[in-house]
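The next block holds one structure in the form of structure tokens; read it before the comments.
In what follows, chains carry the letters A, B, and so on, assigned in the order in which the sequence lines appear, proteins first and then strands, with residues in each chain numbered from 1.
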Protein chains: 2
Amino acid sequence: MSNIRTVARLAGVSVATVSRALAKPDLVSPRTRKKVLAAVEAAGYKPNLMAVQFRSRRTRNLAVLVPVIANPFFSRVITGIQGCAREAGYQVLLCNTQGREETEREYARMVQNFQADGVIQLRAFDPFADSGVGSDFPGGLPPLVNACEVMDDCRYPSVKLDNRAAARAMTDHLVRLGHRRIGVIKGPQRSPLTRDRIAGYRDALDAAGIIYDETLLCPGDFTLQSGHRAAGTLITRDNPPSAIFCENDEMAIGAIQRIKQGGLRVPEDISVAGFDDIAFASYSDPPLTTIAQPAEEFGATAARLLIDQLEGRQQGVTHSVLPYDLVVRDSTGPVR
Amino acid sequence: MSNIRTVARLAGVSVATVSRALAKPDLVSPRTRKKVLAAVEAAGYKPNLMAVQFRSRRTRNLAVLVPVIANPFFSRVITGIQGCAREAGYQVLLCNTQGREETEREYARMVQNFQADGVIQLRAFDPFADSGVGSDFPGGLPPLVNACEVMDDCRYPSVKLDNRAAARAMTDHLVRLGHRRIGVIKGPQRSPLTRDRIAGYRDALDAAGIIYDETLLCPGDFTLQSGHRAAGTLITRDNPPSAIFCENDEMAIGAIQRIKQGGLRVPEDISVAGFDDIAFASYSDPPLTTIAQPAEEFGATAARLLIDQLEGRQQGVTHSVLPYDLVVRDSTGPVR
DNA sequence: CTGTTAGCGCTTTCAG
DNA sequence: CTGAAAGCGCTAACAG
């Protein structure tokens, strides 16, 4: 394996010149540059990035903390992150955390260990809280961007949807169709997503003069199974809802299956709405009415924000809110 | 940021001793070890992994080349890789390649650049071919493991399914139900997966004395859309098939939608079978008959093989074949 | 514009 | 069992 010294010798210049010719071409005369490049070629030289990183104290790695990789929504977000990172010359270190705080803290430590330059956290949890870090970083703020599910009073740059407004828009849609008993299949209890979407749901109810009935809310955990189960609970109770708003598409798809198994039709007997607009949403039967989120853009924006911060191109903490889109398909219809 | 020298001073020992106390505790007396650990604590010392990696010439990073991250099957494979890597103290560098050879080559170069110790390739393409590498590595073989879609005569360790046998099992199942005109929605033309599955399909046909009719095969690209489109072609032709074998679940789900839109019922009018058994397969309507693959295990096995190779715990090139499982649900039924 | 020089933080011989 | 010393491959002052 040839190193920078080999190249220097071959080109008849110093190692510093080789380094410059490669990293900062305009600081070197065209002639020398050409010589160096030729020598690089001849030696089959590949810079040892480990050494480069070590010396320049930057890894160009971004650690991405994902609760569950195998989730179509997160997959899209990751795709967005990876695309933007690549363009900017960064790599993505994937960290599957299962939403465990200890695991998240451990991965976040990669920044202190110099394994990664920054962190993108896709969950509302601060892995640096009480870690005594902070003073080590400019502005006392570890290089983290919080995306998708964002902490309250987030001290980091963030990217999210206006979940409350989106949930309200969806509920309004159901109300306009005449529904007054609208069930909800919720996401994980402690998530701000869940709380905000419920708030939006209540906003719409209030505006329509419908009284809020807590017994219409069922817990879920964003899986197909939990949607299936929760729908079972809702449709077999006394006085079941005429519509169900699910906090993500997977649960909606699970719910639709359960409803049909109960001998009911969607949307004739009961309307079902989702959230996210994953690829499968338009292929469910019936195709799902849902809220489309720009998932790839979440990722790209988060990466952009983080990289700007890392490269000192950022003043202040930006909180970005991305637009949603109510997509009406066939799983919702007028109340009977 | 404290470094190893700070700790040495605090503990009243040399830096070498600190290094040993941390990396190879049994080479150091218990008393010294205790002193060092206390000093580490007091200084809030975190080893600079960049330096460690640089010095020891290992990154503990695995580069994973994925054609499309946003694909439920690959998501599961990645989950498996990441879990195994984490246990062994490795990180996963995610590389979304869109199946572009140039991008794959570029990412594979991370190994030569010392950004990653090894590569897991999920596609049947050798990113090191003709790169003149080889002599740099023990056994002349770059540290790569090929998983899921495996190259022919693969020179690397590999993990795959017996796709031919699996496709035959599925086709046999359809034949047993009385189907004799069985359409196929294929994967990408040049993929060994496609070729092997078609071979298995033909095996079953031959065994049943059914003549192979090439016009029953439709191209697809593993997306929902392509399944939808291809099914349209098949059901609107003269003498349409009574069953369709799709080379993955997404295309099957797309196909089912198209069939229903054509006013036909699944499986009464036409049976549909998939491949992969993604989570959505059991939630389609009707639930999909498919071939289950141990996706997470693909990932875990690939990671294990690669790490064994990296740590010199491997002699010879292992080719692992994982078991499939025919899962019969409701999308296939007897021919009318 | 280019060369000299001094390390980055750590691991690893090699002596003791 | 421990310390001294060398050096991994590269970058970044600093002089010229």
Presence of A:S29 side-chain N/O under 4.0 Å of C:dT2 phosphate oxygens OP1/OP2: yes
Gap between atoms CG and C1', on B:L49 and C:dT11 respectively (whole Å): 14 Å
Nearest-0.5 Å distance that lies between atom CG in B:L62 and atom CG in A:L94: 12.0 Å
Options D:dC10, C:dT2, D:dC1, nucleotide nearest the side-chain atoms of A:N3: D:dC10
Distance in angstrom units between A:F54 CZ and D:dG7 C1', rounded: 11 Å
Spacing between A:M50 atom CE and D:dC10 atom C1', to the nearest angstrom: 12 Å
Heavy-atom donor-acceptor pair, B:E149 side chain to B:A124 backbone, under 3.5 Å: yes
Contact list for residues 71-92 of chain B, test ring pair (Phe, Tyr, Trp, His ring centres under 6.0 Å), sequence neighbours left out: none
B:R58 CZ - C:dG9 P separation (whole Å): 23 Å
From C:dG9, D:dG3, C:dG3, nucleotide with atom closest to B:S14 side chain: D:dG3
Rounded interatomic separation in angstrom, taking CD from B:Q53 and C1' from C:dT11: 14 Å
Which residues share a salt bridge (charged side-chain N to carboxylate O under 4.0 Å, His left out) with A:E297, sequence neighbours left out: none
A:R55: side chain to side chain contact (heavy atoms under 4.5 Å, CB included) partners, not counting sequence neighbours: none
A:R9 CZ to D:dG9 P, straight-line distance once rounded to whole Å: 12 Å
Sequence-aligned protein contact record of nucleotides 11-16 of chain D, with B where the base is within under 4.0 Å of a protein heavy atom and S where only the sugar-phosphate is: BBB---
Qualifying salt bridge (Lys or Arg N to Asp or Glu O under 4.0 Å) pairs, either residue in residues 14-33 of chain B, two or more places apart: none
Whole-Å gap separating P (D:dG7) and CZ (B:R57): 15 Å
Residues which pass side chain to side chain contact (heavy atoms under 4.5 Å, CB included) with A:E106, listed by chain and number, not counting sequence neighbours: A:R109, B:R86
Within residues 105-115 of chain A, residues whose heavy atoms come under 4.0 Å of DNA chain C: none
Five-pair end axes of the helix from C:dC1-D:dG16 to C:dG16-D:dC1, angle between them (10°): 30°
Contacts of type side-chain hydrogen bond (donor to acceptor under 3.5 Å, both in side chains), residue A:S2, not counting sequence neighbours: none
B:F54: ring-ring contact (aromatic ring centres under 6.0 Å, His included) partners, not counting sequence neighbours: A:F54
Residues that A:V317 engages under side chain to side chain contact (heavy atoms under 4.5 Å, CB included), provided they are two or more places apart: A:L141, A:P157, A:H319
Sequence-distant partners of B:V15, side chain to side chain contact (heavy atoms under 4.5 Å, CB included), two or more places apart: B:I4, B:R5, B:A8
Nearest-angstrom distance from the residue atom NZ of A:K46 to P of D:dG9: 16 Å
